[in-house]
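These notes concern the structure reproduced below.
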Amino acid sequence: MERKVMIANSKGMRAEVCTLGATLVSLFFKDKNGVEKDLVLGYDNPADYLNHTTYFGATVGRNGNRIKNGKFTLNGTEYLLEKNDGENNLHSGSKGLCYKEWEVEKETENSVTLSSVSKDLEQGFPGTMTAKVTYAIGEDNALSIDYEAVSDKDTVANFTNHSYFNLGGHDSGTMVNQKLKLYSSKFTPVDGTLIPTGELRDVKGTPMDFTEFKAIGKEIDAEDEQLKFGGGYDHNFIVDGKGYRLMAEAVSEDTGIHMKAYTDAPAVQFYAGNFIKKQVGKGGCAYDDRHGFCLESQYCPDAVNNPTFESPILKAGETYRTRTVYQFSID
Ligand code: GLA
């Protein structure tokens, strides 16, 4: 039976994680007036997380984002995945780890570690894999998410968190006036099915340029082929530099809440919630498209099929580790 675990720091920042899908269901932080806001979209009823395809707060694995034609070849063997997004595999299919019950391994006041074992060929991926995710809230008001995975065969490991942030509060409506800065000078253009073509394109001179703070909605509906394909932003940006570094910042002028996001992953999917359907969210509030944005740290989509991208292959017996941090302050 699923349960929710509350974690908090001594400053009053707190978060709730559900064992179903190791999902981040809420994230509370006080705004410039001292009013507590819940900054992520989600549902009250855990069962709703079983039916959704929006991936609110989900731990996505074993592979985040798309794999072209739902297949790849590794060590001479072809592996077939579910085609749950047209001809492609998205977020590891309808049996992804976000629909499974995770076990709580360790719980402290400010952190929780959950684990999940997926069997050889579960979701179609080779190797029995043990995955762990740790959520922790530091005294610096940073929510860190650390992933670890080990497999007994060479396989794909590319975990991410799919939280939809709204720095005005999850129930405050559209987030298009919130400002975003991405530490990315290049993105990976996609075809009409949102699979990267392999090109690395400069953001300069295109609506993809977030190298200076810009309202998310400023150019989201511009006449631009890439934006048309995604119905708005739904693109993979290469995070400048290597190692653990800043990947993005965002701010709401209404609440003064400022978020800085860090990762050691090569890239980040900036998704503007274009496909959120009208629905009822936490506390009975109404969600609609663009009520939240995602910054999903990851290997490039379809990297397993695309030699131009850094490889997402985890070797048998080796440990995959990656960390993403969302830190909050008031401007
Ligand atoms: C990712 C994808 C989007 C969409 C969402 C889930 O961010 O890139 O196209 O499928 O997940 O709704």
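Order of appearance sets the numbers: ligands from 1, and atoms from 1 within every ligand.
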### Distance-only side-chain donor-acceptor flag, Tyr287 / His170, under 3.5 Å
yes
### Message
Give me the residue, atom name and distance of the protein heavy atom closest to atom 9 (O) of ligand 1.
### Response
Asp234 OD2, 2.3 Å
### Message
Closer than 4.0 Å to some heavy atom of Gln269 - which atoms of ligand 1 meet that?
### Response
8 (O)
### Task
Look at atom 7 (O) of ligand 1 and find which of His91, Glu296, His235, His52 reaches it with the closest heavy atom.
Glu296
#### Entry: Derivation of the side-chain hydrogen bond (donor to acceptor under 3.5 Å, both in side chains) call for Asp38 and Ser26
CA-CA 6 Å; Asp38 181 353; Ser26 55; 4.5 Å; no
### Task
List the closest protein heavy-atom neighbour of atom 10 (O) of ligand 1: residue, atom name, distance to the nearest 0.1 Å.
Leu90 CD2, 3.3 Å
### Query
Counting only N and O atoms by type, is there a donor-acceptor contact under 3.5 Å from the side chain of Tyr320 to the main-chain atoms of Phe159?
yes
### Task
Please identify which atoms of ligand 1 are closer than 4.0 Å to at least one heavy atom of Phe275.
4 (C), 9 (O)
### Task
Could you tell me whether the side chain of Ile313 reaches within less than 4.5 Å of the side chain of Val156, counting heavy atoms only?
yes
### Task
Give a yes/no on ligand 1: does Tyr164 have at least one heavy atom closer than 4.0 angstrom to it?
yes
### Task
May I ask you to list the atoms of ligand 1 that are less than 4.0 angstrom from any heavy atom of Asn65?
8 (O)
### Task
State, without any angle test, whether Asn274 and Asp289 hold a side-chain donor-acceptor pair at a distance under 3.5 Å.
no
### Task
Check each heavy atom of Thr53 against ligand 1 and say whether those closer than 4.0 Å belong to the side chain, the backbone, both or neither.
backbone
### Query
Quick one: are Phe29 and Met13 in side-chain contact, heavy atoms under 4.5 Å?
yes
## Note on the structure
Within the 4.0 Å heavy-atom cut-off, what Ile276 brings close to ligand 1 is neither
### Query
Side chains of Asn236 and Thr188: is there a donor and an acceptor less than 3.5 Å apart?
yes
### Message
If I apply the N/O under 3.5 Å rule, does Tyr55 come out as touching ligand 1?
### Response
no
